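Read the structure below first, then the notes.
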Amino acid sequence: MLSTIFSADFFSAILRCTTPILFAALAASVAQKSGICNMALEGIMLFCALFGVLFTSVTGNFLTGLILTMIAGGLIGMLLAFFVLNLKTDEILAAIAINLIAEGGTVLLMLAVSGDRGSSTSISSFSAPTIAIPLIKDIPVIGNLISGHNLMVYLALIAVVIMHIFLYKTPFGLKIRAVGENKNAAESVGISSRKIQYVALILSGVLASMGGFFMSGGYMNMFTTGMVSGRGYSALAASAMGGNNPIGAFAVSLLFGASQALSNVMQLTEIPYQLVQMLPYLVVLIGLGVYSYSVMKRRQSLAGK
């Protein structure tokens, strides 16, 4: 097992496990920066994992399927924004409703389209390609670590940089953060908080949809019921622990991805399967505990001053 952990393949597995969590963590970060907690990430990812299979199957092209899936994710984000901002629904309850609808709705939709209940094996879909980076791929060791990953892995890493620049270096990003910090103060200087939060939730849906697309078009090559398996909730924890900052979210997502990859490797040992499957979630709980404790100590320190 040690030889496996210190191999290039294990590093590739970490990136592969990190990618869906990272997309969702970025989605959580941009929504949280606008002042809304997007707990519907689990449902959006699950819906879009199925949509990715269906759209690529219909169009015969992964890129077109990805774009259509991103549009679908944005529409779900817009639906959440409509319920929260226009109908004044509690954001947590609205998100839970979307998650529950996704859990049964994806099974119903797959059954209606293909007749399958558990997986989309009868649907011929297209996955995102593996990218071999010229020159780098020929470098010993480094080439194996950096080159040869799924396209969505590279898009996730690029998204971290783009979202950091967007949130902290652009006027619109400043408006998102201003609304999240103090909605009334932002509106007093002419910023439409509803418009900003709509855009933030739509963007959050688009990012989450990319994580869902990767689940069925990169991490696996088909859709299976419940395949997101709590990654949306893990992403919420990663975003919070990372300070709702794209860079911080990336660092914590990498930790969660490493625990997932380690869990997969440990299945080859004699450790009971159920205990091995607990590892990623245990890491999330421990991480949240440490984060909460540090926040509490920081607040006590500030109160003492």
Side-chain angles (χ1 to χ4, degrees), residues 1-7 9-33 37-46 92 95-96 99 103 153 156-157 159-160 163-164 204 207-208 211-212 214-215 219 226-303:
M1 189 174 70
L2 288 177
S3 61
T4 302
I5 291 175
F6 291 102
S7 66
D9 290 338
F10 183 70
F11 180 76
S12 298
I14 291 176
L15 290 180
R16 187 168 61 251
C17 293
T18 298
T19 298
I21 299 175
L22 178 56
F23 274 126
L26 293 175
S29 295
V30 69
Q32 195 66 49
K33 284 295 185 184
C37 177
N38 185 2
M39 279 193 65
L41 295 174
E42 186 83 5
I44 296 174
M45 291 177 71
L46 191 57
I92 304 300
I96 291 174
N99 292 341
E103 187 175 344
V153 174
L157 298 177
V160 174
M163 289 306 301
H164 182 79
S204 179
L207 288 166
F214 175 74
M215 288 298 301
Y219 190 83
M227 69 185 307
V228 176
S229 300
R231 288 175 174 83
Y233 299 117
S234 296
L236 285 169
S239 175
M241 292 168 63
N244 296 313
N245 179 296
I247 304 298
F250 166 65
V252 182
S253 297
L254 198 61
L255 172 64
F256 290 169
S259 68
Q260 180 68 59
L262 182 60
S263 172
N264 294 338
V265 171
M266 290 176 65
Q267 292 181 27
L268 303 175
T269 67
E270 297 180 356
I271 301 174
Y273 174 79
Q274 293 82 358
L275 293 178
V276 171
Q277 290 292 93
M278 287 174 54
L279 180 61
Y281 308 104
L282 186 61
V283 170
V284 173
L285 286 174
I286 293 174
L288 280 174
V290 172
Y291 170 73
S292 299
Y293 179 77
S294 64
V295 170
M296 181 185 68
K297 294 296 289 183
R298 192 181 306 120
R299 288 176 178 173
Q300 290 177 348
S301 176
L302 291 174

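Being a predicted model, the structure only gives us computed values, none of them experimental.
- Looking at every heavy atom in both residues, S263 comes nearest to L279 through N-CD2, 3.9 Å.
- Nearest heavy-atom pair across G242 and V252 is N-CG2, 4.0 Å.
- Between F214 and V153 the shortest side-chain heavy-atom distance falls below 4.5 Å.
- A distance of 9.0 Å separates CG of L255 from OG1 of T18, quoted to the nearest 0.5 Å.
- Going from atom OG of S229 over to atom CE of M45 covers 10.0 Å, rounded to the nearest 0.5 Å.
- Remark: the backbone N or O of P20 is not paired with any side-chain donor or acceptor of Y219 at under 3.5 angstrom.
- Taking CG from L46 and CD1 from I44, the interatomic distance works out to 11.0 Å, rounded to the nearest 0.5 Å.
- Between the side chain of S294 and the main chain of Y291, a donor-acceptor pair closer than 3.5 Å is present.
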Applying side chain to side chain contact (heavy atoms under 4.5 Å, CB included), run through C17 and N264 and close with a yes or a no. CA-CA 10 Å; C17 293; N264 294 338; 3.8 Å; yes
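- Put simply, CG on L22 and CG on L254 are 8.5 Å apart, with the number rounded to the nearest 0.5 Å.
- The minimum heavy-atom distance linking P280 with S259 is given by the pair CA-OG, 3.6 Å.
- With contacts defined as side-chain heavy-atom distances shorter than 4.5 Å, the pair Q32/N38 does not qualify.
- Taking both residues in full, the closest heavy atoms of L262 and F10 are given as N-CE1, 3.8 Å, listed atom of the first, atom of the second, then distance.
- A distance of 11.0 Å separates CE of M163 from CD1 of I247, quoted to the nearest 0.5 Å.
- If you take OG1 on T19 and CE on M215, they are separated by 10.5 Å, rounding to the nearest 0.5 Å.
- S239 pairs in a side chain to side chain contact (heavy atoms under 4.5 Å, CB included) with only one of the listed residues (V30, N244, I21), which is N244.
- Annotation for L26 and A156: closest pair CD1-O, 4.3 Å, computed over non-hydrogen atoms.
- Shown here for A28 and L236, the closest heavy-atom pair between the two residues is CB-CD2, 3.9 Å.
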Residues F250, H164; criterion side chain to side chain contact (heavy atoms under 4.5 Å, CB included); working and verdict: CA-CA 11 Å; F250 166 65; H164 182 79; over 6 Å; no
